[in-house]
Structures are given as C-alpha cells and as structure tokens.
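Below you'll find the structure, written out as structure tokens, and then a few comments.
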2 protein chains.
Amino acid sequence: MGLTKTEIFTDQQNEISLFAKVLGHPARVAILQHLFKTNSCVCGDLVNEIGLAQPTISQHLKELKYLGLIKGNVEGTSVCYCINTHNWTAMKTVMTAFLNQDITENQDCC
Amino acid sequence: MGLTKTEIFTDQQNEISLFAKVLGHPARVAILQHLFKTNSCVCGDLVNEIGLAQPTISQHLKELKYLGLIKGNVEGTSVCYCINTHNWTAMKTVMTAFLNQDITENQDCC
DNA sequence: TTTACTTATTGCAATATTACGATTAATGTT
DNA sequence: AACATTAATCGTAATATTGCAATAAGTAAA
C-alpha cells in the first residue's frame with residue numbers, strides 16, 4: 001500500500017510525524033543548516049553547497065516551504081530563501097515536547 | 001530513483017535524518033507515546049491500542065528497535081517492549097541541538 | 001527583442017515505505 | 001504430544017519518495 005492511515009491517529013501524532021518526516025532526509029537537514037549559517041541564501045548556492053542536481057534541490061525546497069519551515073522571495077533572477085523563524089519555533093515547541101516526555105524510573109523494565 | 005545519496009552528506013546530517021525518519025510515521029509516534037505512558041507493554045496491547053494489523057505493528061516495532069529507541073524482552077508467550085532510555089536521551093541530545101540552532105536577528109531576511 | 005541567467009515544473013525510472021493475509025516460530029498449558 | 005497463544009517473517013500489492021534530464025517560466029541586461 002505505501003499509504004499511511006492518518007485517520008486513525010490523533011492530530012498531534014500526525015503533526016509530529018509530518019514535521020519529523022520533512023527532517024527525515026539529509027539534503028533537507030543540510031539545506032536548513034546552510035540557511036541557519038548564512039542567514040540568507042539563493043538556490044544556486046545550495047546546488048553548489050550540496051551535491052545534488054538543481055531540480056532535486058528545488059523539490060526539497062518546495063517541501064520545506066510547504067511545511068512552512070522556510071520562505072522565499074524573488075530577488076531579480078534568483079530567489080532568496082531563508083528560515084521562517086516563527087514557524088521554526090512553533091515546530092521546535094511541538095518536537096521538543098515530544099522528545100522531553102517523562103522517562104519515569106519504571107522505564108527500562110525489560 | 002528513491003535512493004538517498006547518503007554519501008554526500010556528513011555523518012551528523014545522516015544521523016539527524018535517520019532519527020527524524022523513524023519518528024516520521026504516526027504509528028511509531030503513537031507506539032512511543034504508549035510506551036512512555038504505560039512503562040511496559042506487550043505487542044498485543046499496541047495492536048489493540050493502535051488500529052493497525054499485528055504484522056504492521058511488528059514491522060514498526062522492528063524499525064524502532066533497529067534505531068535503538070526501544071528494547072524488547074521475551075516474557076512467556078509475549079514480548080515486553082519498552083523505551084531504551086539511554087538511547088532515547090542520546091537521540092534527544094542530537095535532535096535538540098539541531099532544533100536549537102541559533103536564529104540570529106538577520107534571519108527572516110525575505 | 002534577443003540573450004543570458006536562475007529557478008520551477010514535467011516526466012520518468014528506480015528504490016523505499018506502508019499495510020496486511022498467510023504462514024511460521026516460539027513458548028506455555030493441558 | 002497436542003493445543004493455544006503471541007509475535008515474527010514472508011510474500012505481495014499499492015503508494016510514496018528520490019533523483020535527474022529535459023523543458024518551461026521568469027527576470028535582467030545588451
């Protein structure tokens with residue numbers, strides 16, 4: 001099937017998994033790290049920085065944009081991409097809450 | 001192709017994306033949340049709790065185990081699964097460091 | 001307007017993921 | 001041993017993802 005049954009999970013579970021999924025590819029991790037490092041960036045830079053073809057990078061950027069983690073503005077013939085700090089912070093809040101679930105002393109039972 | 005070019009990324013980028021990837025399915029998020037909530041759990045409980053078939057749950061458990069986030073011990077005819085707190089903490093450290101990258105004031109340039 | 005430059009989109013091939021029925025393996029019970 | 005119970009594995013179908021060549025679309029400069 002390859003089709004995730006999202007309807008049987010809570011909105012929260014689906015939200016966490018969607019955020020995690022978009023971070024689940026090293027190219028997208030690399031893109032985000034590069035945007036954090038340089039503050040501002042055009043797509044061409046990313047094609048040079050990362051070793052993937054331009055259409056591939058463009059596709060990854062599209063996914064990051066769809067989830068709202070980055071935004072892009074046209075600047076002449078190129079496009080300036082950067083982190084959407086508001087949405088990044090919101091994502092961080094969701095993910096951190098999940099990662100910081102209480103590990104009680106009863107864990108590691110087996 | 002469907003084949004990720006891991007060789008062109010850093011070990012850190014690949015590690016982050018692997019952790020994120022395993023969290024990138026709501027069933028695995030739900031399994032982890034259930035293990036956190038109950039401290040100890042057999043697979044049968046998870047099949048009842050989550051609405052997926054037993055082989056599907058078993059497959060998701062296998063992936064979580066492969067990444068080291070959970071461990072399972074045989075207890076009679078059933079298997080007791082629980083969070084591997086040591087590895088969970090290690091994963092949390094890696095992911096938190098990525099999520100907490102500095103957002104400088106120069107961000108949101110576009 | 002022609003040319004150059006940059007990014008997006010399309011189309012496609014290859015691999016990966018998700019899900020589950022059927023079966024197997026492993027253990028406990030009678 | 002025969003049976004019951006539980007989880008893992010196998011096999012398979014359907015969908016998703018990744019990657020890129022080719023092309024299109026958009027803007028700037030000559």
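Quick note on labels: first sequence line is chain A, next is B, and so on, each numbered from 1.
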Which donor-acceptor pairs under 3.5 Å do side chains of residues 56-64 of chain A form with protein atoms, sequence neighbours excluded?
from  : atom 1 : to    : atom 2 : distance (Å)
A:H60 : ND1    : A:R28 : NH1    : 2.9
A:E63 : OE1    : A:R28 : NH1    : 3.3
A:E63 : OE2    : A:R28 : NH1    : 3.4

Item to check | Residues within residues 43-53 of chain A bordering DNA chain D, heavy-atom distance below 4.0 Å | outcome: A:L52, A:A53

Item to check | Those residues that, when tested against B:F9, pass ring pair (Phe, Tyr, Trp, His ring centres under 6.0 Å) (two or more places apart) | outcome: none

Checklist entry - Contacts to DNA chain C from residues 16-31 of chain B, heavy-atom cutoff under 4.0 Å, which residues? => result B:K21, B:H25, B:R28

Checklist outcome for this item: CG of B:L67 to CE of B:M91, rounded to nearest 0.5 Å, is 8.5 Å

Checklist entry - Just how far is it from atom CG of A:N73 to atom OG of A:S78, taken to the nearest 0.5 Å? => result 11.0 Å

Checklist entry - Between CD1 of B:I83 and CZ of B:F36, what distance do you get to the nearest 0.5 Å? => result 4.0 Å

Checklist entry - Considering only heavy atoms, which members of residues 58-68 of chain B lie under 4.0 Å from some atom of DNA chain C? => result B:Q59, B:H60, B:E63

Checklist entry - So which heavy atom on A:A27 is nearest to which on A:L52, and how close? => result CB-CD1, 3.7 Å

Item to check | Rounded distance [0.5 Å steps], CG in A:L99 versus CD1 in A:I16 | outcome: 8.5 Å

Item to check | Axis-to-axis angle between the two ends of the helix from C:dT1-D:dA30 to C:dT30-D:dA1 (five base pairs per end, rounded to 10 degrees) | outcome: 10°

Checklist entry - Under the 3.5 angstrom rule, does the side chain of A:W88 hit a backbone N or O of A:I70 as a donor-acceptor pair? => result no

Short heteroatom pairs, N/O only, protein and nucleotides 23-30 of chain C, under 3.5 Å:
none

Item to check | hydrophobic_cluster_shared for A:V42 and A:I50, side chain cutoff 4.5 Å | outcome: no

Item to check | Sub-4.5 Å side-chain heavy-atom contact between B:S17 and A:V29 | outcome: yes

Checklist entry - NA contact type, B:T56, heavy-atom cut-off 4.0 Å: base, sugar-phosphate, or nothing? => result base

Next on the checklist: Looking at C:dT6, I'd like to know if its phosphate oxygens (OP1 or OP2) sit under 4.0 Å from a side-chain N or O belonging to A:Y81.
Outcome noted: no

Item to check | With A:E49 via side-chain hydrogen bond (donor to acceptor under 3.5 Å, both in side chains) - residues at least two apart | outcome: none

Checklist entry - On DNA chain D, nearest-nucleotide positions of A:L3 versus B:T6: which is more 5'? => result A:L3

Checklist outcome for this item: With sequence neighbours left out, the residues meeting side-chain hydrogen bond (donor to acceptor under 3.5 Å, both in side chains) with A:E15 are none

Next on the checklist: Run the side chain to side chain contact (heavy atoms under 4.5 Å, CB included) test against B:N48 and tell me which residues pass, sequence neighbours left out.
Outcome noted: none

Checklist outcome for this item: Nt span of DNA chain D in reach of chain A heavy atoms at under 4.0 Å, 5' end first, is D:dA13 to D:dA28

Item to check | Non-neighbouring partners of A:T10 that pass side-chain hydrogen bond (donor to acceptor under 3.5 Å, both in side chains), sequence neighbours left out | outcome: A:Q13

Next on the checklist: Just checking A:D11: does its CG atom have more than 12 heavy atoms from other residues, nucleotides or ligands closer to it than 6.0 angstrom?
Outcome noted: no

Checklist entry - Cluster question for you: counting only ILVMFWY and a side-chain heavy-atom cut-off of under 4.5 Å, with indirect links fine, are B:Y66 and B:Y81 together? => result yes

Item to check | Interatomic spacing from NZ in B:K92 to CE in A:M95 - rounded to 0.5 Å | outcome: 13.0 Å

Next on the checklist: Could you measure the distance from the CG atom of B:L23 to the CZ atom of A:F19? Nearest 0.5 Å is fine.
Outcome noted: 13.5 Å

